[in-house]
Amino acid sequence: MKISSVEDFIQFKNNVNSGTTYEETTVFLDSDLDLTRKVFEPIGTDSYHFLGTFDGQGHVISNLAVESSSAYIGLFGYSSGLTIRNVVLDSSCSITSSYCGSGKAHLGGIIGYCYTETVPC
């Protein structure tokens, strides 16, 4: 699968967050993405995980503004058994948490939380 536009990227996120796992699928970022004026929820939740490979092919994501009240915050929020490689978030990106629940918030640039039992992330 190829992501060539901001619209493709948002659709990919919506698919994952609705239950599409992309297991055994490589998702290629096919161009740089400028997410100016887009508020972005993380890809993947504690209920729905991306299980494939995300290959940025060296492309840059700029002006990413992840804002979430989830406990798992990053480009990818909650993940398990995935591979992420060759993607760049430039210095214009920001990750903001408004989490107020019990327990800890897990925040990262690329991955907020990576769960593993036997599969290393």
Side-chain angles (χ1 to χ4, degrees):
M1 174 183 169
K2 291 185 179 184
I3 295 174
S4 301
S5 67
V6 170
E7 292 76 21
D8 291 347
F9 191 61
I10 290 170
Q11 186 60 55
F12 164 68
K13 183 253 318 169
N14 290 340
N15 290 348
V16 172
N17 292 355
S18 296
T20 304
T21 65
Y22 294 93
E23 190 167 11
E24 298 183 18
T25 301
T26 299
V27 177
F28 295 97
L29 186 56
D30 218 23
S31 63
D32 293 346
L33 297 179
D34 181 348
L35 294 169
T36 299
R37 294 182 298 282
K38 303 284 184 195
V39 175
F40 193 81
E41 284 284 322
I43 301 167
T45 68
D46 54 347
S47 299
Y48 300 114
H49 312 170
F50 174 67
L51 301 175
T53 297
F54 185 85
D55 188 340
Q57 300 189 102
H59 290 289
V60 176
I61 296 175
S62 61
N63 297 300
L64 171 70
V66 176
E67 297 179 14
S68 180
S69 60
S70 166
Y72 311 105
I73 307 123
L75 176 62
F76 289 82
Y78 188 105
S79 57
S80 62
L82 78 161
T83 300
I84 300 171
R85 62 178 172 238
N86 304 320
V87 63
V88 177
L89 300 181
D90 77 7
S91 63
S92 67
C93 297
S94 66
I95 313 290
T96 305
S97 171
S98 59
Y99 176 69
C100 293
S102 61
K104 298 177 182 177
H106 304 273
L107 185 132
I110 301 292
I111 300 175
Y113 183 78
C114 183
Y115 175 80
T116 182
E117 285 183 14
T118 58
V119 179
C121 288

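Just so you know, residue 1 is the first one in the sequence shown, and it goes up from there.
For the pair Y22/L51, no side-chain contact is recorded, criterion being any heavy-atom separation below 4.5 Å from C-beta on. Looking at heavy atoms from C-beta onward, I61 lies in side-chain contact with L35 at the 4.5 angstrom threshold. Within the 4.5 Å cutoff, no side-chain heavy atoms of S79 are placed close to those of H49. Using a 4.5 Å heavy-atom cutoff, the side chains of V88 and H59 are not in contact.
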Next on the checklist: I73 vs V66, test: side-chain contact (heavy atoms from CB on, under 4.5 Å). Steps then yes/no.
Outcome noted: CA-CA 8 Å; I73 307 123; V66 176; 3.8 Å; yes
Next on the checklist: Run I84 and F76 through side-chain contact (heavy atoms from CB on, under 4.5 Å) and show every step you take.
Outcome noted: CA-CA 10 Å; I84 300 171; F76 289 82; 3.4 Å; yes
Checklist entry - side-chain contact (heavy atoms from CB on, under 4.5 Å) between V27 and F12: does it pass, once the steps are laid out? => result CA-CA 9 Å; V27 177; F12 164 68; 3.9 Å; yes
Checklist entry - Is there a side-chain contact (heavy atoms from CB on, under 4.5 Å) between I3 and D30 once you walk through the steps? => result CA-CA 6 Å; I3 295 174; D30 218 23; 5.9 Å; no
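A side-chain donor-acceptor contact under 3.5 Å links Q57 to the backbone of L29. Under a 3.5 Å cut-off, the side chain of N17 and the backbone N or O of G44 do form a donor-acceptor pair. Listed for the S18 side chain is a donor-acceptor partner under 3.5 Å among the backbone atoms of N14.
Between I111 atom CD1 and F54 atom CZ the span is 11.5 Å, to the nearest 0.5 Å. Taking OH from Y113 and OG from S80, the interatomic distance works out to 10.0 Å, rounded to the nearest 0.5 Å. Separation of atoms CZ (F40) and OG (S94) is listed at 12.5 Å; rounding is to 0.5 Å. For the atom pair I95 CD1 and L64 CG, the distance stands at 5.0 Å (nearest 0.5 Å).
When T26, T53, D55 are each tested for a side chain to side chain contact (heavy atoms under 4.5 Å, CB included) with T83, only one passes: T53.
A continuous path of Ile, Leu, Val, Met, Phe, Trp and Tyr side chains, each step under 4.5 Å between heavy atoms, connects V87 with I10, placing both in one hydrophobic cluster. A single hydrophobic cluster is seen to contain both V16 and L89, as judged by linkage of ILVMFWY side chains at heavy-atom distances under 4.5 Å, directly or through other members.
Taking each heavy atom of E41 and K13 in turn, the nearest pair found is O-CD, 3.5 Å. Nearest heavy-atom pair, S4 versus S31, reported as atom, atom and distance to 0.1 Å: O-OG, 3.0 Å.
Ring geometry for Y78 versus Y72: interplanar angle over 60°, hence perpendicular rather than tilted (30 to 60°).
Applying the side chain to side chain donor-acceptor pair (under 3.5 Å) test to T36 and every residue at least two apart in sequence or in another chain returns D34, N63.
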